[in-house]
Amino acid sequence: MIQDEIRKLKEEQGAVILAHNYQIPEVQEIADFVGDSLELAIKAKEATADVLVFCGVEFMAETAKILNPSRKVLLPVKNAGCPLADCLTPEMVREAKARHPNAAVVLYVNSTIESKAEADITCTSANAVEVVESLAEKTVLFGPDANLAHYVAEQVSGKTIIPLPADGHCPVHREYTLADVEAAHARGDAVVCHPECDPEVQEASDLVASTGGMARQAHLHQNWTVLTEEGMAYRLGRLFPDRTFHAVEGVVCEDMKRTTLEDVRRALETGEYEVTIDEEIADRARKAIERMIALRG
Ligand code: 13P
Ligand code: SF4
């Protein structure tokens with residue numbers, strides 16, 4: 001069985017497998033740890049294994065390498081990107097800083113390493129409010145997700161949040177509509193959505209949470225409709241087998257779904273694809289990421 005081969009290779013290589021909540025079920029099942037982007041970054045930072053096989057998308061594997069540069073970090077597929085991360089360039093951040101010299105720059109980890117190098121601090125959807133509240137600056141340039149920026153602006157007071165760019169968004173989460181929330185409510189489900197969803201979807205939902213936050217709060221209701229990539233409904237079903245979790249069929253992140261068990265086996269066999277980072281850029285990005293991680297406890 002391929003799972004046995006992976007376990008054997010893992011042992012031989014001194015490797016651990018980290019997987020995001022959106023990965024396909026088979027990959028979630030073989031992983032040593034499954035979590036949201038903040039939990040995975042912390043796990044990667046603390047990892048003592050020689051090799052980290054990161055089943056997720058590029059910016060997550062890059063963050064793992066930045067936080068634990070002496071480990072070999074492998075992304076089993078080459079083309080697992082994130083269109084949200086790609087919609088913000090470092091030039092756009094520099095231009096915005098020039099226009100708002102007194103503003104702090106908060107970048108969602110769903111951004112490129114080059115953009116992170118321009119940030120004062122990063123955030124994930126699990127800690128975005130806490131990160132913004134921790135800042136002394138009253139004006140915050142927040143990117144690249146405008147819906148997460150809206151969510152943060154609703155939660156914090158006394159700050160001006162400027163989305164950067166004005167309409168940065170995740171194409172997957174934009175697919176959810178008010179009609180999905182209404183259909184879920186009509187069948188008696190509670191609705192949880194990710195803060196990358198449009199504001200009207202957030203406002204109509206019963207709970208807005210990161211994927212890790214969903215796992216922590218799923219005990220609150222018996223029947224849920226989960227408005228985030230469909231892998232999360234599988235994850236929640238594994239964590240809470242006595243509850244039901246409906247996904248909206250067909251809303252998938254193609255990039256998250258690229259990694260298969262065959263890719264994981266090949267990564268362990270061949271050492272491909274190793275994540276490499278530019279030291280100078282990584283040092284600057286690391287400051288922003290470490291500042292975020294230092295906020296917890
Ligand atoms: P989480 O940090 O909530 O896991 O989200 C990551 C992501 O890519 C959402 O689309
Ligand atoms: Fe990027 Fe959206 Fe996929 Fe998350 S779901 S990795 S934000 S494209």
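Note that ligands are numbered from 1 as they come in the structure, with each ligand's atoms numbered from 1 the same way. Atoms considered below: every heavy atom in the structure, side chains included; atoms not considered: hydrogens, waters and symmetry mates. If you're wondering where the values come from, they're calculated on a predicted model, not measured in any experiment.
Salt bridge annotation for Asp167-Arg174: present, with a cationic side-chain nitrogen under 4.0 angstrom from a carboxylate oxygen.
A distance of 9.0 Å separates NE2 of His20 from CD of Glu229, quoted to the nearest 0.5 Å. Note that OG1 of Thr225 is 10.5 Å distant from CZ of Phe245, once rounded to the nearest 0.5 Å.
At distances below 3.5 Å, at least one donor-acceptor pair connects side-chain atoms of Gln28 with backbone N or O atoms of Asn21.
Just one residue in the list Lys116, Glu114, Glu118 forms a side-chain contact (heavy atoms from CB on, under 4.5 Å) with Arg284, and that residue is Glu118.
You'll find the side chain of Leu220 stays beyond 4.5 Å of the side chain of Asp206, heavy atoms only.
No hydrogens or angles considered: a donor-acceptor pair under 3.5 Å links the side chains of Thr228 and Tyr22. A side-chain donor-acceptor contact under 3.5 Å links Asp189 and His246.
The salt bridge (Lys or Arg N to Asp or Glu O under 4.0 Å) pairs that include a residue from residues 20-35 are Lys10-Asp32, Glu29-Arg238, where partners are two or more places apart or lie in different chains. Residue pairs meeting the side-chain hydrogen bond (donor to acceptor under 3.5 Å, both in side chains) criterion with at least one partner in residues 195-205, sequence neighbours excluded, are Tyr108-Glu196, Asn147-Asp198, His150-Glu203, His173-Glu196.
Counting atoms of ligand 2 from 1 in the listed order, those under 4.0 Å from a heavy atom of Glu196 are 2 (Fe), 7 (S).
Listing protein N, O or S atoms at distances below 2.8 Å from atom 3 (Fe) of ligand 2, with waters left out, gives Cys253 SG.
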Protein N/O near ligand 1 N/O, under 3.5 Å, which pairs?
from: ligand 1; atom 1: 2 (O); to: Ser37; atom 2: N; distance (Å): 3.3
from: ligand 1; atom 1: 2 (O); to: Ser37; atom 2: OG; distance (Å): 2.4
from: ligand 1; atom 1: 3 (O); to: Ser125; atom 2: OG; distance (Å): 3.1
from: ligand 1; atom 1: 3 (O); to: His194; atom 2: NE2; distance (Å): 2.8
from: ligand 1; atom 1: 3 (O); to: Thr211; atom 2: N; distance (Å): 2.9
from: ligand 1; atom 1: 3 (O); to: Thr211; atom 2: OG1; distance (Å): 3.4
from: ligand 1; atom 1: 4 (O); to: His20; atom 2: NE2; distance (Å): 2.7
from: ligand 1; atom 1: 4 (O); to: Ser37; atom 2: N; distance (Å): 3.3
from: ligand 1; atom 1: 4 (O); to: Thr211; atom 2: OG1; distance (Å): 2.7
from: ligand 1; atom 1: 5 (O); to: His194; atom 2: NE2; distance (Å): 3.3
from: ligand 1; atom 1: 8 (O); to: Asn110; atom 2: ND2; distance (Å): 3.2
from: ligand 1; atom 1: 10 (O); to: Tyr22; atom 2: OH; distance (Å): 3.4
from: ligand 1; atom 1: 10 (O); to: Glu196; atom 2: OE1; distance (Å): 3.0
from: ligand 1; atom 1: 10 (O); to: Glu196; atom 2: OE2; distance (Å): 3.2

